[in-house]
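Report on one structure; see the data block that follows.
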Amino acid sequence: MTSPGADPVRLAVAVEAPLHSGLHGPLDYLSERPLSPGALVRVPLGRRDVPGVVWTTAPGDDEGHALKAVTEVVDALPPLSARWCDLVKFTSTYYQRGLGEVAMAVLPPELRKLDNAGLASRIAKLRKAYDKPVPAAPAPVRPELTSDQADALAKLAEVNLPGAAPVVLLHGLTGSGKTEVYLRAAEAALAAGRQVLVLVPEINLTPQLEARFAERFGGGDTPRRIVSLHSGLTPAQRLKNWLAAHLGLADLVLGTRLAVFAPLPRLGLIVVDEEHDPSFKQQEGARYSARDLAVYRGKLEGSCVLLGSATPSLESWQRAEQGRYLRLTLANRVGGGVLPKVRLADMNLLPKVRGATTALAPALVAALAKRLERGEQSLVFLNRRGYAPVLHCTDCGWKSGCPHCSAWRVFHKGDRTLRCHHCGFTQPVPRACPDCGNLDIAPLGQGTEKLEEQLAAALPGARVARIDADTTKHKGALEASLSAVHAGEVDILVGTQMVTKGHDFRRITLVAAVNPDSALFSSDFRAPERLFSLLMQAAGRAGRDAAQADRSEMWVQTWHPTHPVYTALRQHDFKAFAASQLKEREIAGLPPYVHLALMRAEARTPEAARDFLQAAADLAAELPGANELLLYPPVPTTIARVAGVERMQMLVEASSRPQLQRVLSPWMAALPSLRATHKGVLRWALDVDPLAI
DNA sequence: AGCACGCCGACT
DNA sequence: GTCGGCGTGCTC
């Protein structure tokens, strides 16, 4: 193989080597011929043959020990760009995961299995399908811009100069036409010959937005190729779309968080829709925030990043306040519609019946009845499925706990089961109390099943339907329920938060949140922000039809009517809410004023998990820069035991990102040594910038 | 994490 | 005799 005079080249290759193996960073191999960084290869690792990405190359003077040779060079694939490698490297160091692990996790799984020949044939097929002439489609009709949209786009054009790579926060309330701004910004990027990346929080939201982009850019004189990237695609489809992006054949890539790693040779614009959405944070492996990586990638690629939301994250909002992001505002609904009037039902003022407050405020029932009379629809929202969150024995006090988790099992009346929503443990409802035999076991609290009953009882004759994870388990069930709503076969729709996102119910003039207070007292410091966002989103479901907008209402039942969340909601005032929340975060010493990482450990016993975390803290305290950190004592996680595994966590705080980052690498490198002395620990994980603590 | 080696118990 | 249980150790 070796031609005379050609020296072997030494390569550092990023391969998937587990963290605990002690193999960090790329591994060294030899190649008979020079290879460029970003090339896909197969290399021997132990007794296996694994895929890897060439990271760096160096002249081949060997330093003593013999290196193994690369098994295969996947020439068929053009090398990944230096910028792509930079994004992967950043993700690896910032979120503390192995370089190769990150690189392999963000490549399509199918790619790792293919050899040169297989890949070459896929690529050939893909190129042929484009070359094919596209049937002529009518040129798109572009809607007239509102003055808000026109202003925003003018300002965007002012800052989006070549090389400027601005980050723009588009604050636009529901129905104000954010999508049209995305479309126009995309149009400009496409016209300049660049590719556009659009990130959405959920797979369900991709088809809708994809259709909007296809309608605008799929036809006309220069039809554009649009592909989607998310985990719902078949492996073959995902590979195909990924290749189309990488080869520059796709002009628009639309996808969920993993699409932030799509290789795009001519990237010109990144749109992050609903940028505040928690789904952008990956919750396993490298726990990256796709929104934050999009901002980093924009800088890297010299691309404009457009972050859009009706209720921006406080992190993005603060950066806009500081002038680091440009803020553009869409304050009015397209077509002159108004947001529904918000009405608070103060539960403290309701009379008690047999010591208990009625579940539905009479004023809300009256408002629902009015909708029935007028033939309009209502949406009643409760973020808790099942009939009741817990059963209890009125005699001995027994409660329906889960034997494997530190959580209650939920009573589902539909199939008469007790179900644990954390580990899935399900049993038939006992006829009598398992502890004392008493026959009087009663449900406590309220879920969507019960709410459905209560509404039917309060409004005889109303056609009530329920949409939640339980009613939509079977394929097509969600679509069937939604079309029943659209066909006007339902008067009152009961649902969990899955009904609050995206759907365009034209005949709904009332949205009610029955028990939103529960979110206010969760351990999650972002709970008020999330609740506000959720309620704003829910409010946006009402009065979508401009003709009905003025008599649309959002009802909120609450025991805390003076809470800032509800005050701000009533005034539709995100700015005031953000200001008050940021003030609170500053006083409490929470992000974005401090920077956090959360170390979690799982073990058979809480003591083993705690001892491990304590030992990890002792290790951290020895590292240079440790005096800049605040290490909190280990505490049990919110649900301490899930499926028989005990979970503890330890918070690490620093006043700046560099201070935090400085200690993380040596700390994570030192941890595997604790395995020997802490054998009870099943696993540990670090979450940088955790969503909840 | 894989994947193999290795050193003990129950089967054709 | 060997098939296979999973403890232990290694991977540029």
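Computed from a predicted model, the values in this text were never measured in an experiment. Atoms considered below: every heavy atom in the structure, side chains included; atoms not considered: hydrogens, waters and symmetry mates. Reminder, nothing fancy here: chain letters follow the sequence lines and each chain counts from 1.
Within 4.0 Å of Pro44(A), counting heavy atoms only, lie sugar-phosphate atoms of the nucleic acid but no base atom.
Between the P atom of dA4(B) and the CG atom of Leu45(A) lies a distance of 13 Å, rounded to the nearest Å. Between the OH atom of Tyr29(A) and the C1' atom of dT11(C) there is a distance of 8 Å, rounded to whole Å. Atom NZ in Lys68(A) sits about 10 Å away from atom C1' in dC10(C), given to the nearest Å. At whole-Å resolution of the value, CG in Asp49(A) and P in dC12(C) are 11 Å apart. dT8(C) atom C1' lies 12 Å from atom CZ of Arg47(A), rounded to whole Å. Atom C1' of nucleotide dG2(B) and atom CD of Glu16(A) are separated by 10 Å, given to the nearest angstrom. In this structure, the CZ atom of Arg48(A) is 6 Å from the P atom of dG2(B), given to the nearest Å. dT11(C) atom P lies 13 Å from atom CG of Leu67(A), rounded to whole Å.
By the 30° and 60° cut-offs, the orientation of the rings of Tyr288(A) relative to Tyr95(A) is perpendicular.
Formation of a donor-acceptor pair under 3.5 Å by the Trp667(A) side chain with backbone atoms of Ala616(A) is found in this model. No donor-acceptor pair under 3.5 Å is formed between the side chain of Arg238(A) and the backbone N or O of Ser231(A). No donor-acceptor pair closer than 3.5 Å links the side chain of Arg604(A) to the backbone N or O of Val645(A).
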